[in-house]
Structures are given as C-alpha cells and as structure tokens.
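These notes are about the structure you will find just below.
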Amino acid sequence: DMAFVRYNPNGSLDNSFDGDGKLLDHYDVGASAIHDIAVQKDGKVVVAGYYYTQPDEDLEFSGFALARFHSDGTLDKTFGEEGIVNTQFNINARINALAIQDDGKIVAAGFESDFDFIDAEFALARYNPDGSLDNSFGVGGKVTSNFGGDEAAVNDLVIQKDGKNVVVGFTYEAGIESFTLVRYNPNGSLDNSFSGDGIVTTNFGTPNAVSIQEDGKIVVAGRTANTSNGTSDYVLARYNLDGSLDNSFDGDGKVTTDIQGQDQATSIAIQADGKIVAAGYSYVSDFYNADFSLARYNPNGSLDNSFDGDGKIVTDFGADDKANDLFIQEDGMIIAAGLTENIQLLTSDFAIARYRPNGSSDPAFGNNGKVITDFGVVETATSLAIDNSRLYVGGSSNIPAIR
C-alpha cells in the first residue's frame, strides 16, 4: 500500500494531516507504492508510483498511478477520477520520478514493458492540472523511447528552466548496463541539440538521480564498480548543456568516492552556493549492515572538507539502513529519508535524518537528528518533499489499508 507521512519541522508527526500524520491507502487497485512526491504552488501534494490489478487469474496489469491530496490529507476530488489518475501503457508500467512544471502541468517518468517485465523502455506522461493527459505532449500525452536494448527504465527526472525534460536511467543490452541521459523538448520529442540525437550513454555505472545547476549544467549520481577491490563507489558525472562531459569537474567530468565497503548514491541535490550533496547507503562489509551515507562536493568536484571534516558522513540507525532521497532546506539543513531494516525479523521502518550545514546531526530534529516511524511490519521511504517547513515522506507499507 501507499504510505504517506507529514512531519512537523522538529520531526514529530503532524496531526493536522489525516488526524495522526500518517496516511495509508491502496485505492482498491491492488498493490501500490509511492515512488516520488511533488508539492504544487497551491500546497496540494501529488504522489506517484504504480497501480496493480489482476482482472482474472491469467491477466496482470500495472500502470502509472497518481494521486493528489489537499494539505489536510484528503484526496483532491478535482483531480482525475475522485483524486486518482491511472494510466496504462503496454502491459506493465511504473512511475519512478515526478516533476511539476511552472504552468502546473505534471510530468511523470519510469518504464513500460510487456508481461514479463522484459523489453522495457523509457516511458513518460504529461498531465494537465486536472489530471487529464496533455495531448500536446508526445502521442496522446505519452512518450516511449526504445534505445535498442533488452531493458531500460528512467530512474529520475528534472525539468530545465526552458521546459525541456531531462531524464536519467539505465539501458541494458547483452549483459552490459549503461548510464543513459536523455533530453526531451517540451513537446516530448528528442532534443537533437543534446549530443546530436538527445541521448548520452556513458558506460561507467548505474545512474539513480539527476539535478540541474543554476548555470544549466546537469549533474548525475549513482554507483560504479570499484575494480581495484571488487566493491562499488559513489559516482557523479557533470555534463555541459550540449551533453558533453564537463572537464572542469574533476578533470574529466566524473568523480568516484569510496565511503565504506559497497557504496551507492541514490539521490542528489545542489545547494544555493553550488556545492553538490549526494546521499545513499554504504555497506560496512559485503552486503550486510548498511548505513546512510552522504558526501558533499565543491563545484569543481573535490570533496568539501568543511562537511564533517572530510566531505563524507555515515549515519547508523542500528540496523540495515538505506537513504533513498535527499532534500536541502532553504536554511541549508540537509534531510535524507529511507528505511532502517531488521533483516532477522524481516521488518523495516521509515528512517529520516537531518544534518546541519557542517554535516553534524541536528539535535532539534527527532532524537538527536533521527526519526523512525513504524506503521506495522515492512515500510520503505522512497521520496520526500518540503512545504512550509513541513516534511512529506512517501513510500510503501505492507499492512492493510486503514481508509
């Protein structure tokens, strides 16, 4: 089920949101989950993920799912059908990323595929503010892109100031996974001013997140293999406006960072001063006992030693901990959200950490900078957003719906 929580600035649950700060709902369409959140200018909140339905024992479908809520946690009945929008592509489709344009239109991106989740390709949809598909985008409001591989999916999305959509994801072909960055024009066509055909493929890892600097340069974060010791590291890449790698970023446009053991950056944000923050998780050894991890970089790609002394932070919640999203507040505070998992008990909870600009834990937030929220059995926080200092965190929970 979708799991959706709003917190006060101090990390306590905001009881003005659905009565207890927590909202669970499956919308009567089978299993579902929130993969991204965006707050509109009017304070309404859009959540995105997927719906799943099985009309009979031989047929299973999944598709893009959106829901919009008022600030009190009630569904906005003016959006789609009673507050919910479901969009079918092929047989299966899921949203991984969401963004709202300045004109209020909503862009969602992920993948679509056949019955067996193979032959997947990039999928985008754009919606009018009322939830209807925007026919000026692609074909009937939808765009799919097949780059010739066996499998592909968009992992993140950002909208440029000029309305162009930049997506990052992976393509998989013949056992090789590629770092794929694509830019679309506002009408959904590929932008040929970007690397000649709208597509940049770089074979150095798996991309998970994308952000755009004030000067328009594009920064991507993810994971890359560390061939020297058989582990993995954070990897960041920065691209110029034409899609070429920016050689002013660590000399070749790419930066790798070894934090501890197996490292993966899942999210990225750019501060007002141009410094870049990446967050994710790092395993102490092999693939056990992960911790939240963050790294902050100067604009030239070097680690920022004013951030906890060496530019890197590891936060342990006491279990297997993974940060899945990141947000930088206007006051410079840094928030990371994800999960803390007890592998032996097969349980997990929402986990959130807030840091001061120097990297130290914020004692004014939760329990010395940490908040854990338990819904019941297995919960995962995948996305976060902030509105008027109130923190929205979304993800999934496997306990029965309460609405």
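The figures here come from the full heavy-atom set of this structure, side chains too, leaving out hydrogens, waters and symmetry mates. By convention here, the first residue in the shown sequence is residue 1.
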* Does one side chain, of Gln262 or Thr231, offer a donor that lies under 3.5 Å from an acceptor on the other? -> no
* Asked: Any donor and acceptor pair, going by atom type alone, linking the side chain of His35 with main-chain N or O of Ile95 inside 3.5 Å?
  -> yes
* **Any residue meeting side chain to side chain donor-acceptor pair (under 3.5 Å) with Asn368, in chain and number order, not counting sequence neighbours** => none
* Taking the six-membered ring where the residue is Trp, are the ring centres of Phe292 and Phe317 under 6.0 Å apart? -> yes
* To do: Please identify each residue that fulfils salt bridge (charged side-chain N to carboxylate O under 4.0 Å, His left out) with Lys41, with sequence neighbours left out.
  => none
* Donor-acceptor pair, Asn155 side chain versus Pro207 backbone, under 3.5 Å? -> yes
* Are Phe170 and Phe179 close enough that their ring centers fall under 6.0 Å? -> no
* Asked: Without hydrogens or angle criteria, can the side chains of Tyr7 and Thr373 be said to hold a donor-acceptor pair below 3.5 Å?
  -> yes
* Mind running side-chain hydrogen bond (donor to acceptor under 3.5 Å, both in side chains) on Ser383 and Asp36 for me, showing each step along the way? => CA-CA 5 Å; Ser383 52; Asp36 208 354; 4.6 Å; no
* Pair Tyr355 and Phe365, ring centroids less than 6.0 Å apart -> no
* To do: Would you please test Ser396 and Thr380 for side-chain hydrogen bond (donor to acceptor under 3.5 Å, both in side chains) and show each step?
  => CA-CA 5 Å; Ser396 61; Thr380 300; 4.5 Å; no
* Asked: Just wondering, are more than 12 heavy atoms of other shown residues or ligands nearer than 6.0 Å to CG in Asp162?
  -> yes
* Set of residues satisfying salt bridge (charged side-chain N to carboxylate O under 4.0 Å, His left out) with respect to Lys44, sequence neighbours excluded -> Asp76
Only distances under 3.5 Å count here; give the side-chain donor-acceptor pairs of residues 246-257 to other protein atoms, sequence neighbours excluded, each with its distance to 0.1 Å.
unit_1	atom_1	unit_2	atom_2	d
Asp246	OD1	Ser248	N	3.1
Asp246	OD1	Ser248	OG	2.7
Asp246	OD2	Lys217	NZ	3.1
Asp246	OD2	Arg238	NE	2.7
Asp246	OD2	Arg238	NH2	3.0
Asp246	OD2	Ser248	OG	3.0
Ser248	OG	Arg238	NH2	3.3
Asp252	OD1	Lys254	N	3.0
Thr257	OG1	Tyr297	OH	2.6

* To do: Walk me through it: do Tyr283 and Lys322 pass the test side-chain hydrogen bond (donor to acceptor under 3.5 Å, both in side chains)?
  => CA-CA 9 Å; Tyr283 289 92; Lys322 298 177 181 179; 3.1 Å; yes
* Just by distance, with hydrogens left out, do Asn92 and Ser113 show a side-chain donor and acceptor under 3.5 Å apart? -> no
* **salt bridge (charged side-chain N to carboxylate O under 4.0 Å, His left out) partners for Glu81, two or more places apart** => none
* To do: For residues Phe64 and Phe89, establish whether the separation of their ring centroids is below 6.0 Å.
  => yes
* Does the side chain of Ser71 pick up a donor-acceptor pair with the side chain of Arg6 at under 3.5 Å? -> no
* Can you name the residues that form a side chain to side chain donor-acceptor pair (under 3.5 Å) with Asn203, not counting sequence neighbours? -> Ser178
